[in-house]
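Side-chain atoms are counted along with the backbone in the values below, which use heavy atoms only and exclude waters and symmetry mates. Here is the naming used below: chain letters follow the sequence lines, and residue numbers restart at 1 for every chain.
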Amino acid sequence: MLTRSIQRGLRIGAISFGILTYLILVGLPTRIGDAAMPVLAVAMALLFWISLRGGVSKQDVSARAPAPLFTAGTMAGLFAGALTATLIAFFTGLLADGVRLQPIFDKIVPQNMAALYGVMPGVIATEGIPALGWLRQTLFLTASGIVGALLVLIERSIRQRSFPRIPWLRWVPLILPFVLLAFVIWLGMPGVTFGGNNRGTIRLLATMVTIGSGIFALRAARPGAEQRVFGLLFFLAIAYLPFTLDQFQNSVMGIVFIFVMIGLGLNIVVGFAGLLDLGYVAFFAIGAYVYAFLAAPFSSPWVTAQLQSLGLPYNQPLVSYWMAIPITMVAAGIGGVLLGIPVLRLRGDYLAIVTLGFGEIIRLFMLNLSDLTNGPRGLLNIAPPYLFGINFGSPREIFILALIGAGIVAFAAYRLDGSRLGRAWIAMREDEDVAQATGVNLVRTKLLAFAIGALFAGLAGQLYAARQVNIFPENFSLFVSIDALSLVIVGGMGSIPGVVIGALALKGLPEVLRGVDEYRIVTFAALLVLMMIVRPEGLVPSTRRRRELHEDAEPIAGVDAPSALEQLATAEPTATQKAGRQ
Amino acid sequence: MLVLDQIHTYYDRIHALKGVSLTVQQGEIVTLIGSNGAGKSTTLRTISGLLNPRMGSITLDGEPIDHLPAHEITRLGISHSPEGRKIFARLTVEENLELGAFARKDKPGIREDMNRVMDLFPRLRERLHQRGGTLSGGEQQMLAIGRALMSRPRILLLDEPSMGLAPLLVEQIFRIIENINEQGTTILLVEQNAHVALSIANRAYVMETGVIVLEGPAAEVLASPQVREAYLGG
């Protein structure tokens, strides 16, 4: 038993060392300053808590006994601390000897190291490693490990005691989005200096959290009158957002909601119908380009020539934004059917490869059909939407349009989910043969999935073109497909609120993280990997999906279930993961 | 009512059915027995439209159905309960049954049939909101048959309902199959378990490597030395 706890501690310690190394390499200590070590220690204490308690479920926590917990916690802290302190000493030693590490690790500079020792940067250059520095760092992290173990015990004792139900507590998640909205509005008022230079970013983050918490609030509300009232209030709150946010924030939220539309469309294809489409960007591109042809005919040599030969004016939009909507959607829908027909017989991996190719073909068309698309020079000066003669092209109006569009698409997706067609999609996703045998018209069902998914992407593409004013083939690279697919997966496949949360997390958060500069993509990837292990069903899974992935995750009482982080290290798949891979 | 005439089915270049002819009359239980790889399941899959015959014809009440897509054949009243209990493992029992009635639109009728299926298989009523995949083998087989019944078929194609089940369960399932037949559904039953199949069937066909080698009333087939030797252990 003792050796097991020690092993467990070493394992957690090793992973924590990896995380600490990463944080040091990205230069986090420099940003925190003198207090770097205490701050890191607090953060690590939380991490130790999460790892020591063992993920999966609540029951695990009560199964943890104090002695092995403290042994594991201390070992984890000690091990992580000793390794980290040694690494810091190594880097500092090199720096003190005048070695320039910056070309390799551009954040390993005296400031960074000094912050970890809590001394002035000059000290590193002149005196080298501060005395007792190693011990100080090791002790800090050992303390984190012990605190982590203590936190598990506190959690356990809280869970074991039965508290009287506090009726008003239920209202907290319901009220939260409105409190956050008030915070957002307050931050935007003139004269408020909260957050200093970062005020705009904080406000953007708060906006995103407002929307996210609102979605969770709607799920927490009791069905019926309560849900309707909160739904309406939440709707009004969101409708107010564009009017309070500034240009930058509106612009980010606009793109987030354009991606909500894309995600909802892809969610139909991948989440509902189970057809893995890696070339979804194609429909988005078709929507954008068709709108561009209509709204900026003078940009396309071929369209211009055609109009000239017909004696029509070519230096103004052919149709208004609103008239263009059905045209672009139909064009994208036809694209969906065109992709669908050749891939009718393909399943799984093969389907993914063909769709991937389709996405690239469309991009190459845009790049090389110079006559039509103006090639890499793109289509320029695309007309913004006008409503009652007012220009609707500024970030605020684009955000409003994206909200409306996403709302309509979400409603359509919600209705489809419960429809006959929705059921045919489910049957097809589960087993094509049986679906056919129960009377599902496979051809029609599959083509409808591609076509409807494409319609939504086309709508999003049109708004995107209007937002960008100028569009180029590189706006429609494979990365758009990857982003769209990731947001569907992160949010929870087949879940409509999940798409919104996924878009906020994937398209919104990177904007907030812009301050964390070049490492943000790596950070992001790490978060995604971690999420796939901890919560493979997504952040807001549909009930069915959750059922699929967590059916057999009930732990056996008393068994030392490994936490997610440990699983990462030992690569022993748990029941949850096995289910997730199927 | 269902007639197969000189059916040839291929898996690419593999000639799986080499001129199979059989008929199923209204109200009968007809069984198709044979060893592994004889082409029994292929015959069923060809009838239900999951495979297309290269030659020959299949008619239902005189109308050719051999080149209709599977979903239209289902709508004409032929329901296929596939081999290996292909239930929707991740959906609940109720959802499985609802999907079985996908081709229909009469809600009251669907309700009624749902109750009928649950009367036939009381176990399914107990497990209505459970995932299909969590059911036991026997329960899954019941679900597969129940789902096939939900389209209110005139002919039910059953592919090895006894596969992997304990003898007691096999007996139970076959009693239910007889019961379904008595309620007016014609049954074409594919089986390896020749003894049980022949005991409930009216007529039987014996298949070997893609051809029918023997046919006749079930009792005669059961008594034939050929079958006794090959399938019933002498």
*Under 3.5 Å, is there a donor-acceptor pair between the side chain of A/Arg420 and the main chain of B/Phe102?*
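Indeed, once roles are kept as given, a pair shorter than 3.5 Å links the two residues.
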
*Give a yes or no answer on whether the side chain of B/Arg75 reaches the backbone of A/Gly439 with a donor-acceptor pair at less than 3.5 Å.*
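Side chain of B/Arg75 to backbone of A/Gly439: a pair is present.
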
[atom1]/[X]: more than 12 non-hydrogen atoms of other groups inside 6.0 Å:
X	atom1	result
B/Arg111	CZ	no
B/Arg123	CZ	no
B/Arg125	CZ	yes
B/Glu63	CD	no

[Y] and [X], any side-chain heavy atoms less than 4.5 Å apart:
X	Y	value
A/Thr438	B/Thr74	no
A/Val434	B/Arg147	yes
B/Arg90	A/Arg429	yes

_I'd like to check the salt bridge (charged side-chain N to carboxylate O under 4.0 Å, His left out) partners of B/Asp113; sequence neighbours left out, ordered by chain and number._
B/Arg104, B/Arg152

Distance (rounded to the nearest 0.5 Å) between [X] [atom1] and [Y] [atom2]:
X	Y	atom1	atom2	result
A/Glu432	B/Lys86	CD	NZ	10.0 Å
A/Asp431	B/Leu99	CG	CG	11.0 Å
A/Gln436	B/His80	CD	NE2	11.5 Å

*Where B/Leu50 and A/Asp433 come nearest, the two heavy atoms and their spacing*: CD2-O, 3.8 Å

